[in-house]
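The figures that follow rest on heavy atoms only: side chains count, while hydrogens, waters and symmetry mates do not. Numbering of ligands and ligand atoms starts at 1, following listing order. Numbers here simply count residues along the sequence, with the first being 1.
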Amino acid sequence: MTALPIPTATHVVSRDDALVLDQRDPLRARRDLFTIAEGLIYLDGNSLGALPKCVPERMRTVIEHEWGVGLIRSWNGAGWYTAPERVGATIAQLVGSAGDEITVCDSTSVNLYKVLVAAMRMRPGRSTIVSELGSFPTNAYITTEAAKLMGAKVVFADPAEVETAITDAGSDLAAVQLTEVNFRTAQRYDMATVTKHSHDVGGLTIWDLCHSAGAFSVNLNDCDADFAVGCTYKYLNGGPGSPAFVFVARRHLGQFQQPIPGWHGHAQPFAFAQDFQPSDGISQLLSGTSPQLSLLALESALTAFDGIDMAEVEAKSQSLTELFITLVENRLAGFGFELASPRHASDRGSHVSFAHEQGYAIVQALIARGVVGDFRAPDLLRFGFAPLYVRHVDVFDAVEILVDIMQSEEWKKPDYHVRHAVT
Ligand SMILES: *Cc1c(COP(=O)(O)O)cnc(C)c1O
């Protein structure tokens, strides 16, 4: 008996083909861990992850019992005080670091500032930061400001020119600050190669993992990364504004000094000492008190990753994005969509962008039909494929709806041309 050919994403022609891929998906049971409304195709988990079903009940306990009854006693009794390190150790398993190299606090923006200044202080006499053009705005703003404070300059290189910029900076390179996956195009750097190049000229690296953590395999220590930051409300599903994670390689612990020393980063916070004595562990990255409710919601949300193999997550991410690109290009040829993401799966993250001059209105029309993606100015339709809860059949159905919107010219409705504050 000959085995049936195993379909892959690029061979899907029918809805049934997509369903076969879902049946073979080793992660298929994970979707049940999330609340996703019937009929909704959610392709924006790269911006705000879906709600894990366990979170509301956990929050009820935290609020009514730990806060309502336990009050101040819960800092010890309910383990609130140790939550940043505990949650950090959980995230560490997903990004290839040791448990004591990550903590969770503040926002990505604030943590980026802390590690940039810390890195520059570790490279006195060097005054160049290499970063990239077209990165997420906060990264550019924070990097510029941190450099100004430290008397350094930032070279914003085109992504294709980053390696050249590192070589050119040479012995003046203090650090490289890059986002592993570009928020618009999903272009992904080779973290190991860029890190090595930076180290070869004596610089440090600061990786932003906002569009990486929870979406595919990240191996901070295998890459020899120095510092990293990342959001927890995207692929890690921590909820709106959940605190960010920050990584420092163990070899640098006790060797760096971040610029927002607060009492939680003190070696002995409850000595209430007059002078700051930094902790020599990862807790030095903490400044003030954590947003405890968000942090505990995040901790609960992360159970959706329990026992997961990130290689399987990456394989599914690639299969979903591959399927989407193939279907859009096959079914919508001639409608003016142009792929704005890398064609090779290993060169991209878990979202796909297409450029279209009517991108904004088309995204609004899709949202009205229950397909939630987003728009990034000036002309990108962006679709995120969170491997834990997006199915191949969702990708298939989303493209069918897009075909319908284009053929019927539904996107021309005036309502879809009204600009909202959050796109
Ligand atoms: C989402 C994202 C941020 C968000 O930073 P916040 O401080 O959490 O608002 C920062 N950088 C990148 C690259 C992002 O994708």
Query - Atom pair OG1 (T108) and CZ (F136), whose distance is rounded to the nearest 0.5 Å - result: 9.0 Å
Query - Salt-bridge present (R30, E312; N to O < 4.0 Å) - result: no
Query - Contacts of K148 that satisfy salt bridge (Lys or Arg N to Asp or Glu O under 4.0 Å) - sequence neighbours left out - result: E145
Query raised in the report: Name the residues in contact with ligand 1, where contact means a heavy atom under 4.0 Å away: which are they?
Result: S107, T108, S109, F136, T138, N139, T179, D208, C210, H211, C231, Y233, K234
Side chains of residues 41-57: which donor-acceptor partners sit under 3.5 Å, not counting sequence neighbours?
{"from": "Y42", "atom 1": "OH", "to": "D44", "atom 2": "O", "distance (Å)": "3.4"}
{"from": "Y42", "atom 1": "OH", "to": "L48", "atom 2": "O", "distance (Å)": "2.6"}
{"from": "K53", "atom 1": "NZ", "to": "D32", "atom 2": "O", "distance (Å)": "2.8"}

**Report entry** Output field: ring centroids F335/F354 closer than 6.0 Å
**Finding:** no
Report summary line: Taken in chain and number order and not counting sequence neighbours, the residues that satisfy side-chain hydrogen bond (donor to acceptor under 3.5 Å, both in side chains) with S212 are E180
